[in-house]
2 protein chains.
Amino acid sequence: MAKSTSPAKPKRVRRDRKDEILEKATALFGEYGFQGATLARIAEATGLTEPGVLHYFPSKVHLLQGVLEYHDRKEVERYSGMLQKEKKSVFEILKLHEGVLIEEQKTPGLIQLFVVLVGESVRSDHPSHDFFVERYRRVREMYVEQFLRMNQPRFRRDVNPEELTTLILAVVDGLQIQWLLDPQKVDVQAAFELFSKMVAGYMSE
Amino acid sequence: MAKSTSPAKPKRVRRDRKDEILEKATALFGEYGFQGATLARIAEATGLTEPGVLHYFPSKVHLLQGVLEYHDRKEVERYSGMLQKEKKSVFEILKLHEGVLIEEQKTPGLIQLFVVLVGESVRSDHPSHDFFVERYRRVREMYVEQFLRMNQPRFRRDVNPEELTTLILAVVDGLQIQWLLDPQKVDVQAAFELFSKMVAGYMSE
DNA sequence: AATTATTTACCTAGCACTAGTTAGGTAAGA
DNA sequence: TCTTACCTAACTAGTGCTAGGTAAATAATT
């Protein structure tokens, strides 16, 4: 009786809860790293108990994987959409990248997630090591292909696309680290613009 | 009696032991991070028990601080010696930097120590947070001063030394991350050389 | 439509470890 | 005799995870 009028706890649907956990876990992994964030805190943040969380993700490692896939999917979509539209000049690509960099500063938790985890996962036995190795390879390939598509006139002959890609990714990561450590003292946008100008200057020489 | 001929356990002197612990701790913090490396393992590696280690460093955090200071001291010496010799061109400085980068690849444990710890210490409550903030500020200042010392003809007017410094440090950190994750796929030297050429080209434009 | 069976969404209790740290001791060297 | 350099033992506070339960939602069967 009294079905729809019942004020009892409104049970969530599976889909909702899973995403909820994923989001809280993102924030906490980002803040404390994988090892530092405890299941207890994640559970608490979600309003569940530890076994409650483990009902959805059979282990902490599974949860981490869930978090990584969750955000990676979104990011890849954005990046590939960004890159594959039309063959652009290197400078255009960097401009787009700059936009992403700046936009990302609005969600420091997410940047932090990746910076903290990439640091931890330098160890080859870390649960997200393979993920990051794969990820960098994939992203590098994406860029290289893009660079190869824009031929001679726009691309200086003696520039190796792989090296350029590695360099761009390094700049992005390195800037984010410095910014996270000391937001007031580091002007990410300015530094990246300088970089863009250097690249553009060099490429069109 | 029987002093020098005694085969009994040769008690170490304080100085020796401390450095010994510091070196083992460096390796283990580098491999597992601060949270991941346990006192037990550090003690074991040194041939002591846990309280044995704590006899020299009152807590794990103190030990971490010891490790950081220990290596920072060495590094600062090297860098400042490198920079302050004579007023060089930007390109020369980058060339020196490249040498350091390559040399450092022989001691991946040490690179890893800093990459892993800098990731962890992005959190403002991490025991080495302040250290890294300080460190980056210090290093940036050192570079900026150096850049300011070499005036007009060598230094392009519209380049902000702070931005350039931030960028250089970002490149170094970012390259190291990619290299640690996937040593075979990332050519640090090539990427850094490309960067140097871009900088040199831009500065002398 | 009512009843039963099954699945889903959790919870409580607790295990099996591991962590850093402390207390208090012993034995060698200064 | 006092300090230094350790050790053994043990405590405390977590850690991820399991076992086993309960109650609601849903599906199946009458």
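Computed from a predicted structure; not experimentally measured. The sequence lines fix the lettering, A, B, ..., with proteins before strands; numbering per chain opens at 1. Hydrogens, waters and symmetry mates play no part in the numbers below; they use all other heavy atoms, side chains included.
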Protein and nucleotides 19-26 of chain C: nitrogen or oxygen contacts under 3.5 angstrom:
| residue | atom | partner | partner atom | Å |
| --- | --- | --- | --- | --- |
| C:dG20 | OP1 | B:Lys60 | NZ | 2.6 |
| C:dG20 | OP2 | B:Leu39 | N | 2.9 |
| C:dT21 | OP2 | B:Lys60 | N | 2.8 |

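Under 4.0 angstrom from either OP1 or OP2 of D:dC6 there lies at least one side-chain N or O belonging to B:Arg17. OP1 or OP2 of C:dC10 sits under 4.0 Å from a side-chain N or O of A:Tyr56. Between A:His55 and C:dA9 there is a side-chain polar atom (N or O) within less than 4.0 angstrom of OP1 or OP2.
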### Query
Which is it for B:Asp72 and B:Arg138 under the salt bridge (Lys or Arg N to Asp or Glu O under 4.0 Å) test, yes or no, and what are the steps along the way?
CA-CA 11 Å; B:Asp72 191 59; B:Arg138 196 158 21 97; 3.1 Å; yes
### Task
List the steps, then state whether side chain to side chain donor-acceptor pair (under 3.5 Å) holds for A:Glu104 with A:Gln176.
CA-CA 10 Å; A:Glu104 278 181 349; A:Gln176 281 177 340; 2.9 Å; yes
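The side chain to side chain donor-acceptor pair (under 3.5 Å) contacts involving residues 23-39 of chain B comprise B:Glu23-B:Tyr70, B:Thr26-B:His71, B:Tyr32-B:Arg41, where partners must be two or more places apart or lie in separate chains. Among residue pairs with one or both ends in residues 109-132 of chain A, those qualifying as salt bridge (Lys or Arg N to Asp or Glu O under 4.0 Å) are A:Arg123-A:Asp125; sequence neighbours excluded.
Salt bridge status for B:Glu98 with B:Lys95: present, with a side-chain N to carboxylate O gap under 4.0 Å.
Rounded to whole angstrom, the span from the CD atom of B:Glu44 across to the C1' atom of D:dC7 amounts to 16 Å. Taking atom CG on B:Asp16 and atom C1' on D:dT4, their separation rounds to 14 Å, with Å as the unit. The separation between A:Leu64 atom CG and D:dC17 atom C1' is 17 Å, rounded to whole Å. Rounded to whole angstrom, the span from the CD1 atom of B:Ile21 across to the P atom of D:dA5 amounts to 10 Å.
Annotation: side chain of B:Lys18 is in contact with side chain of B:Phe57 (closest heavy-atom distance under 4.5 Å).
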